[in-house]
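What follows is one structure encoded as structure tokens, with my remarks underneath.
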Amino acid sequence: MDLKRTVCSIAAVTLIFGACTTDNDGGADNKEDQNANHWIYDSMKIHYLWNDEMPSSPSFGRDYDKFFESLLSDKDGKHNDRVDYYYSYIYKYANSTASTRAEEDYYKSTYGFDYILTQSYLYDEDISTNITDEYLKIYATIVYVTPGSPADSARLKRGDHIYRINGREFSRDGFNSLLAQLTAPVASYSSVTFTVCDLEFRKWISSVLEDTGETVNVPQVTRDDESIRDVTLTSAFMDQSPIYHYSVIEAGSHRVGYLVYNEFDSGGSRYTVTGETAVQGVYHSELRSVFQQFSGITDLVLDLRYNPGGEVQNCLLLASLIAPPSLTGQVFQTMEFNARTRSLTYPSEPYSVSLRRIYVLATGYSASASEALMHCLRGSGIEVYHIGSTTEGKNVGSTVFTTDDLNPDSQLVQNLGGLTYTAYPITFRIYDSRGETYSPDGLIPDYTIYEEFEVDFLPLGNREEPMLKAALNHITTGNAASPGRASVTTSADDEGRTRLLRPLRPDKGYIYPEPVK
């Protein structure tokens, strides 16, 4: 069996389904979807967190993704007048397109960069004071580039601003279809052409957020015409280690470990499972190696600002590398499923830095495992000083179900015609050792910085980068504020959420790789 699926999809291994019928009540383009829909429904009816809200007689003839969505609860994800998305999701792909994944199964199809949406007013020399929304422009701003990736080969860098995708410029409405083209498909290749530019800061413009009435400073900029260029990228399958950057920073009398951790990922086929305990993965080894080099640090800054979540065991590993040995054997987290609960306890880790206080850089792009780590460490008595903006508020997690793990000789698999269906339904809620969960409105920071209102993005790890600088300031002086910094920050008791223009990346979550009993 492909060991990547042992990690992320083992939940389906022991599931036994009845025979699926192939009734066609209209909608689906093929028989494969109709057969898969019965498998999906049987799985969800047992394990979906809100299975009591599922329809009793769904239309099995729909396309697989529409059928899956028809089973989901309004409690799943975020649904309001600003955003509308589910946390549960599903993929379908041909086995032939997954062959690269089978050979190098911790590799991923990618362009090699990630981005957030930023906004700024475009300067017009004919306008002096009256700034209107027609001059408020949206950019997909690159926040990091994976070394050796297509984006790296094209000399893209953190802080490059994308304002056209395949010749189309962002508008205030209807840009989701454009954004989708910036993410490579799960198991195949794709290409995209976009126009990138540098922005030159002119001054700050006060802007009122329409849904909260909160006033923030939005930059007014000009585009650097000489920097404008078209870039065409073709995705590649490559290793994307979640450990993007780490270093030890000397700050006065403090020795500060700094780690940019972009996903709670184990590293595919190098990950093995003994019983119910994940014991090793290629990225597990890398993470332990980092903390071995952090030996003797007095403080830790954990940068999760772009981390959307990942695997439960990785969260537990990182917590154990932070926590003091006195917590070994104590409950770190409890997961509440439909019919049972499961508690995870701190394992013994020889490279633990044994800290009672850490700094976490987290934003609205930080979700799921990132939030669980912060919340559950706090539940264990560890102080977490949060710098950034309010997090996503995803206090639930998923188990993975995939037809790849069914008997290949079964009638169901034969009826799927060589297609693989993999579903990530929400199956549990997250609690700390005190039996408390966190708000679906997110974790509110102790010191707020809205990164999407920045213009110049300094490299991650640069001591002058605003979030890291705030952490170092607090470590050395007890005050996170930077003298002279423009007021893109708000007070620590501000309850206004960061104004993200795109939701959580949909292909991530908090995943528990446990065989279903």
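Throughout, numbering of the chain's residues begins at 1 and tracks the sequence.
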Using 30° and 60° as the class boundaries, would you call the ring planes of Phe113 and Tyr111 parallel, tilted or perpendicular?
parallel
- Mark yes when over 12 heavy atoms from residues, nucleotides or ligands other than Glu250 sit less than 6.0 Å from its CD; otherwise mark no. yes
Tell me if a side-chain donor or acceptor on Asp114 pairs with a main-chain N or O of Tyr144 at a distance below 3.5 Å. no
- For the residue pair Ser389 and Thr363, confirm or rule out a side-chain donor-acceptor distance under 3.5 Å. no
Report task. For the pair Asp198 and Lys157, find out whether any cationic side-chain nitrogen is under 4.0 Å from an anionic carboxylate oxygen. Result -> yes
**Request:** State plainly whether the residues Arg305 and Glu454 are in salt-bridge range, i.e. N to O under 4.0 Å.
**Result:** no
Requested in this report: Measure up the Phe453 and Tyr450 rings against each other and bin them: parallel (under 30°), tilted (30 to 60°), perpendicular (over 60°).
Outcome: perpendicular
*May I ask you to test the Leu468-Asn462 pair for a side-chain heavy-atom distance under 4.5 Å?*
no
| query | Is there a donor-acceptor pair closer than 3.5 Å between any side-chain N or O of Tyr351 and the backbone N or O of Gln293? | reply | no
message = Angle between ring planes, Phe237 versus Tyr189, binned at 30° and 60°: parallel, tilted or perpendicular?
response = perpendicular
Can any side-chain N or O of Ser247 pair as donor or acceptor with the backbone N or O of Ile249 at less than 3.5 Å?
no
Those residues at least two apart in sequence (or on a different chain) that pass ring pair (Phe, Tyr, Trp, His ring centres under 6.0 Å) with Tyr385 are Tyr359, His474
Q) Between His245 and Tyr258, is there a donor-acceptor pair closer than 3.5 Å when you use the side chain of the first and the backbone of the second? A) no
Aromatic plane relationship, Phe457 with His161 - under 30° parallel, 30 to 60° tilted, over 60° perpendicular:
perpendicular
